[in-house]
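Throughout, protein chains are lettered first and strands after them, A, B, ... in sequence-line order, and every chain is numbered starting at 1. In what follows, every heavy atom counts, from backbone to side chain, and hydrogens, waters and symmetry copies are set aside. What you see is a predicted model; the values in this text were computed from it and never measured.
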Amino acid sequence: MWPYVIGGLVLAGVYSIATLGLILTYTSSRVFNFAHGAIAFFLAIFFHWLAVDHGWNPKLAGAFVVLVCAPLFGLFLWWALFRRLTHATSTIRLVSTIGLWVALPAIGRILFVGREEIFDRTGVGPTPAASWIRVAGTVIDSDEFLVLLVSVVVAVSMTVVLRYTPYGLQVRATVDSPRQAGISGINTNIVSAGSWMIGTTLAGAAGVLLAPLKGYQELNFTPLVLAMFAAAVIARFHSLVMGVVGCVLIGMTQSFIPSKWVRDDFLYRILPDQSQDVLISKLPDSVPFILLLIFLLCYRGLDRERFAVDTRAVASEAPPPTARDSDGWLRLRTPAILILIVLLAPVPLAGRWEAIIAKGLAVGIAFLSYTIVAGEGGMVSLCQVAFAGVGGAMTAQLATNDSWTWLPKVNGLLAIFLAALIVVPFGLLVALPSLRLGELYLAMATLAFAVLTQNLFFQSASINNFDGGVKVPRPEVFGIDFEGDTPFYYLLVVLFVLAAILVMNVKRSTTGLNLAATRSSEIATATLGISVVRNRLIAFGVSSFLAAFAGGLSVTYVGIALPAREFDALIGVVWLAIAVTWGVRSVAGALLAGLSFALFPQIFAEFEWFILVLFGLIMLGIRSNVRRVVVQRVALAAWAVFWLGAFLVWNGNLDEVPLIADSIREIPTTLFGLGAIGLAKEPRGIVYDVSHRSRARRAERAARRSADPPPGTTGSPGLDLTTPEAAQRAQDEREVMLP
Amino acid sequence: MSEVAGGPLLEARGVTVAFGGLVALSDVSLSVPPATIVGLMGPNGAGKTTLFGVMSGLLRPRTGTVSIDGHDVTRASPQARAKRGLARTFQRLELFGELTVREHLVVAHRARHRRLNLALDLLGLGARPGPGEDDRVDAVLSDLGLESVASRSAAALPLGTGRLVEVARAMASEPKVLLLDEPSSGLDTRETEQLGEALRRLHAGQGVSLLVVEHNVEFVLSLAQQVTVLDFGRVIAEGTPTEIRGNHAVQAAYLGVSA
Ligand SMILES: Nc1ncnc2c1ncn2[C@@H]1O[C@H](COP(=O)(O)OP(=O)(O)O)[C@@H](O)[C@H]1O
Ligand SMILES: [Mg+2]
């Protein structure tokens, strides 16, 4: 009994330290930091780098990282990113920190880990941990004791600070009403910068304390991330007490799973024989999200909160200035060119590259699902990858009829279609309870769904087949045999085009109009008699269909359905980052996202010089797109020096430059994460940015020719919501109508 | 028409709303009879917008009831109220920044007339205008003089035009009772006149009831048949425009703020 209790308390302690920081930053700035766990990981490996690679005294290193570097890092992140997000649209707010979540661990590994993974467990205390005290016959070692001590200190001091100091008063005032606080002279900037510093410090503390217990791989931090997200939902993102309660619940449940009472007497009885052990080993990671879903259902009744909370967010939405239909053919031209390239690609690129592009096409259809759910619906879904995985798994079952013999066996292509249809109700079920509660709850519910599917469904014996997966035959349709790679490749192209047409249809339909209306003003849409929830549900349903369809195609192309590996929940997070980086508003964005997801890792692995090309392109991009002359010059200089150096010093043999050689794996992820972070500045993604620029240039040229300013570009005074600043101004002027 | 003969089309009874400690409305009752223009006046912060929020379903009152056409809608969603024939405009513009002006009206018109048909939407047939849609939308556009900006994006409109778009959108949803929150603020004299004309036509032609919040006292008093005056969340006067003109409490309330 006691070992489990103490184990649970230790887990709860680490979780609470991180969760308190997470809730504090959310309440003071309304930005939910998805990267909180990533920051913990980043600071933990930084600590390891100091303590092990550079031989610092661990205690000194720990204090330096947690008490000096972490607050500074928090201040930097606040200055560079978070402070811009408070007034961004809710989607951008979510996606930017998700980008940080993707990029930060990769950057950390580039900087602090190098070629070999870290396997030791050096901590602040003695290594290996000394046994410290005994409670009820159970040893608490030094690392565990430290966790308990710090968590109590943090909880107590947070309470004292928030209750009794001026800073705490200001935080609470800001929480109650940011606008009111702003009026009454509280400098919300200082309050929120302070909160981010404290939040990052707590993340760092949790990381440095957790690593010696669990290890220094990113994998070891996933439980922390999942637990604190769930605890934050349980706390409804503001209650510190409920946050700690959630952490204790999660920690205790996780700790008791391997116990006789839970495992032998309960789990072994209810779980199916074959998958028992795998499922039980995955259960601790599922616990937070099972609890999360339970609490979500309890909070469902609070749907009134929705309008109340959201009117302010809606007010700050900065809608893109383009009319939707004015650029119809431009929207078509880019995808048409891309499709043409893709159509011709197999000619010179038969074999492996063809296969990779084919993969990209299949994933591209999954990215089209983001065009619907995020681009049209304005929702952040983290479970498209799970839909794809379930679609793949169901396709395999339907097409082969291997383990689920009660299912009918159908033609491969039909199987993909049916599998996708089966997924739709699940999609609706995930979205329904959280849609009313708001974007953040939806993001959490979808993440929960992805993680639970991953741990409980994908791992079950009939799907995973002991990491062997299920073989999927290639279909034969209308007498055409798609056994060969190239025929299937063209099938993928056709299906991508069909899916793209479907997406365009939805965009132009009444539902599309309603969704566009909802994105700008939810309350105006509602008071016209349009059901916001129903339209969003449609978007979600269509998107889950597309994602599942893509999953089915992908496994059919590969020939094996192994969703546990291919459609991991965290891959879904990277998907989202890629999708938004290219832009979720256009079909071309989805195609580029799919292609780059498949191609980039391969390109980076095979052609190291591609990094240089990319660096050069980025620098040139900065040079031609940034107005500030200084930045332009620096970029040009960096570009020149880099190339010169590349030629002279390294002589093309990049394998010998340690930083680059070691970090190649991490670069695509880093790029996509950074891309998503960049949305804070250009919310519509690369495709929009580029096409908008070229359109602007063309308009400018046309204007010069005719000397007549084009309509709509003349600056008319009045309502201008096109820039974030203007939207902000409009929001400030707005009479706050709802609490 | 299903309305009870003589009963009000829209009625709020004993409505109280508080934000934290601030009581924004206390025991306010207001009714809008069928085919009537009612004015709602009161200095800034009197609670007019809050009352609109309660009536349109965006705010839930602490006490009191709201009914449309004799049906109690106090707990009904904004959508359900719109279906019963309520439409409103917003004091702080709530335009659809990504849509053109014309599309605003299309959205509103379809909200009333088109049933959702997913199959058509997916097949790409959902973009076609429904029967009478184009005519109706064009009629509203020309009624408010918005033809010239019909294909412009709403995001870059001047404030006055934006207000007219709000009104046009509400009209296009073919309401039985239309709530207008300061529709003439930001309009120039000519636009104000045009708006007044359009509202009168709407009222006379289709028998729509209007509840108009206005700062422009002359505008309200010339338009409305009945007027209610709010101050500090309470009704301080009710009556015909002539009665209101002579009411001392109203003069005091207005002098109190404008002085
Ligand atoms: N969301 C809110 N939170 C706090 N106070 C509010 C909120 N909305 C309105 N109020 C207050 O309620 C009172 C009435 O506001 P409002 O209905 O907008 O007045 P009016 O429209 O008559 O100018 C004002 O004092 C205002 O500050
Ligand atoms: Mg008002």
What's the shortest heavy-atom distance between A/L528 and B/A82, and which atoms? C-CB, 3.6 Å

Could you tell me which non-hydrogen atom of A/S521 sits nearest to which non-hydrogen atom of B/L95, and how far apart they are? CB-O, 4.2 Å

Mark yes when over 12 heavy atoms from residues, nucleotides or ligands other than B/R114 sit less than 6.0 Å from its CZ; otherwise mark no. yes

Check each of A/V542, A/I538, A/N505, A/T511 against B/L122 using the side chain to side chain contact (heavy atoms under 4.5 Å, CB included) test, and report the only one that passes. A/V542

Where does [X] contact chain A at under 4.5 Å (heavy atoms): side chain, backbone, both or neither?
| X | answer |
| --- | --- |
| B/R169 | both |
| B/V106 | side chain |
| B/R81 | neither |

Look at A/S531, A/G541, A/A524 and state which one has the largest set of heavy-atom pairs under 4.5 Å with chain B. A/A524

Top contributor to chain B contacts, counting heavy-atom pairs under 4.5 Å, from A/N535, A/T527, A/L502: A/T527

Between the side chain of A/S520 and the main-chain N/O of B/G97, is any donor-acceptor distance below 3.5 Å? yes

Using a 3.5 Å distance criterion without hydrogens, assess whether the side chain of B/Q79 forms a donor-acceptor pair with backbone atoms of A/I530. yes

side-chain contact (heavy atoms from CB on, under 4.5 Å) filter on B/S209, not counting sequence neighbours, yields B/L9, B/V32, B/V177

Interatomic distance, CD@B/E103 vs CG@A/L513, rounded to 0.5 Å, equals 5.5 Å

One option among B/R84, B/R110, B/K83, B/E166 has the most heavy-atom pairs under 4.5 Å with chain A, and it is B/R110

